[in-house]
Amino acid sequence: MGRGLVVLLTDAAAFRAAPDPAGTHSAACASGAFLVAPEGFSLAAQSALDNRYMASGTVAPERALAQHRGLQRALADEVPTVCFPGDPATPDAVFPNNVFATAPGRVIVGHMRHPVRQREAERADIRDFFTRVLGRTLIDLRTQAGICELTGSLVIDRARGIGYCGLSERCDPVGAAAMHAAFGLGVSFVFALAAGEYHTNVVMSVLASRALVICPEGFADPAAADAIAARYAPHVITLDRAEQQAFAGNCIALGPQTVWMSEAAADRLRPSTRWRFEDCGFRIRSVALDEIEKAGGSLRCCVGEIF
């Protein structure tokens, strides 16, 4: 199974039996991060059609902005973190990792399901930052038919070159194949998410290519969750449904020893779960994001990684 060979697996037993792709594909953690400010923060009605984590009612835009500034300050302690301006016409732009993502030498633009999110991909400033300033090649997945919401739908083990792609209204098999190629992955395991789940990064995370955070109830087939967990054993942190619904699975490691999650997610962790993070070598850092979480995403959704 050589590097560069296109291998997409949909059978849990086949994935469990497959070796890791040869070689190291990327650094395990990002060298930087990018955010988009929640200016004019509001709840997108289109997104609410298939995101059960969204709240109803009113939101406090200034509070969302203040929490987002706190997030940028905190992340900047670990990696260089840039923030692009937001736009009230694109209320979900605060979750940029679904629309823009990077791999070494590349910037990738996703094919979003909803028109309100498709508008985000039209931003020239973000594309130009990566292509003109950082000299990266643009891969625009809007030109292919598949729906693929990048690192919302696709959780990537960067060092191993393995992608975990959950199918839902936000990602179809054609889109999964397009992302596999765009990110230059060696193997991608494609599986169905449980009914009502919209993004894979809400039910699992790979931390620094050495540990797994996972909620098995987020998968349509328990065998898929078991096959993924087997690859990272014994460094597996299993969330219960209450922890996952508080966005504990929407966490990210931007360095080899720190995991970031929202304050609400950290507060919901059971003592045994908190110990598992520590046993796997990760210190938990958290930031208050409860206002932003009303839009149906949490800390990891706010962070675009720069590889």
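These numbers come from the heavy atoms of this one structure, side chains and all, not from hydrogens, waters or symmetry mates.
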Any donor-acceptor N/O pair, [X] side chain to [Y] backbone, under 3.5 Å:
| X | Y | value |
| --- | --- | --- |
| Arg106 | Ala182 | yes |
| Arg210 | Gly281 | yes |
| Asn201 | Thr151 | yes |
| Gln144 | Leu141 | yes |
| Ser205 | Cys251 | yes |
| Arg132 | Arg127 | no |
| His111 | Gly146 | yes |
| Arg52 | Gly196 | yes |
| Ser286 | Ala264 | no |
| Gln67 | Glu291 | yes |

(Q) Determine whether Met261 and Asn250 satisfy the following criterion, side chain to side chain contact (heavy atoms under 4.5 Å, CB included), listing intermediate values before the conclusion. (A) CA-CA 7 Å; Met261 64 182 68; Asn250 197 241; over 6 Å; no

(Q) Check the orientation of Phe247 and Tyr53. Use parallel for under 30°, tilted for 30 to 60°, and perpendicular for over 60°. (A) tilted

When you check the gap from the basic side-chain N to the acidic O, do [X] and [Y] get nearer than 4.0 Å?
| X | Y | answer |
| --- | --- | --- |
| Arg270 | Glu243 | yes |
| Arg241 | Glu217 | no |
| Arg119 | Asp87 | no |
| Arg63 | Asp290 | yes |

Q. What pair of heavy atoms forms the shortest contact from Ala27 to Arg158, and how long is it?
A. O-CB, 3.3 Å

Q) Which heavy-atom pair separates Pro38 from His68 by the least distance, and what is that distance? A) CD-CG, 3.3 Å

Less than 4.5 Å apart, any side-chain heavy atom of [X] and any of [Y]?
| X | Y | answer |
| --- | --- | --- |
| Ile292 | Cys302 | yes |
| Val109 | Ile126 | no |
| Ser168 | Glu197 | no |
| Cys165 | Ser188 | no |
| Leu289 | Glu263 | no |

Q.
What verdict does the side chain to side chain contact (heavy atoms under 4.5 Å, CB included) test give for Asp92 and Asn98, after you've listed the backbone C-alpha separation in whole Å, the side-chain angles of each residue and the deciding distance to 0.1 Å?
A. CA-CA 10 Å; Asp92 280 344; Asn98 308 146; over 6 Å; no

Q: Take His199 and Arg300 through the test side chain to side chain contact (heavy atoms under 4.5 Å, CB included) and record every step on the way to the result.
A: CA-CA 12 Å; His199 274 162; Arg300 196 274 170 269; over 6 Å; no

Just verifying a value: how many Å separate [X] [atom1] and [Y] [atom2], rounded to the nearest 0.5 Å?
| X | Y | atom1 | atom2 | result |
| --- | --- | --- | --- | --- |
| Leu167 | Ile147 | CG | CD1 | 12.5 Å |
| Leu9 | His180 | CG | NE2 | 9.0 Å |
| Arg160 | Tyr232 | CZ | OH | 5.0 Å |
| Ile228 | Leu212 | CD1 | CG | 7.0 Å |
| Asn97 | Ser153 | CG | OG | 9.5 Å |
| Met204 | Leu193 | CE | CG | 10.0 Å |

**Q.** All ring pair (Phe, Tyr, Trp, His ring centres under 6.0 Å) counterparts of Phe191, not counting sequence neighbours
**A.** Phe189, Phe219

Q: Starting from the C-alpha separation in whole Å, work towards a yes-or-no answer on side chain to side chain contact (heavy atoms under 4.5 Å, CB included) for Val99 and Arg123.
A: CA-CA 10 Å; Val99 185; Arg123 289 187 60 155; over 6 Å; no

(Q) Does Arg117 qualify as a cation-pi partner of Phe95, given the criterion of NZ or CZ under 6.0 Å from the six-membered ring centre and within 45 degrees of its axis? (A) no

Q. Looking at Phe15, is Arg231 sitting on its ring face, NZ or CZ under 6.0 Å from the six-membered ring centre and within 45 degrees of the normal?
A. yes

Please report, to 0.1 Å, the donor-acceptor pairs under 3.5 Å made by any side chain of residues 73-84, with sequence neighbours excluded.
from	atom 1	to	atom 2	distance (Å)
Glu78	OE1	Trp260	NE1	2.6
Glu78	OE2	Gly255	N	3.3
Thr81	OG1	Val79	O	2.9

Q. Who else is in the cluster with Val116 when I, L, V, M, F, W and Y are joined by side-chain contacts under 4.5 Å?
A. none

Q: Start with the C-alpha gap between Phe34 and Phe100, add the side-chain angles, then the distance that decides, and say whether ring pair (Phe, Tyr, Trp, His ring centres under 6.0 Å) holds.
A: CA-CA 10 Å; Phe34 65 95; Phe100 299 98; 7.1 Å; no

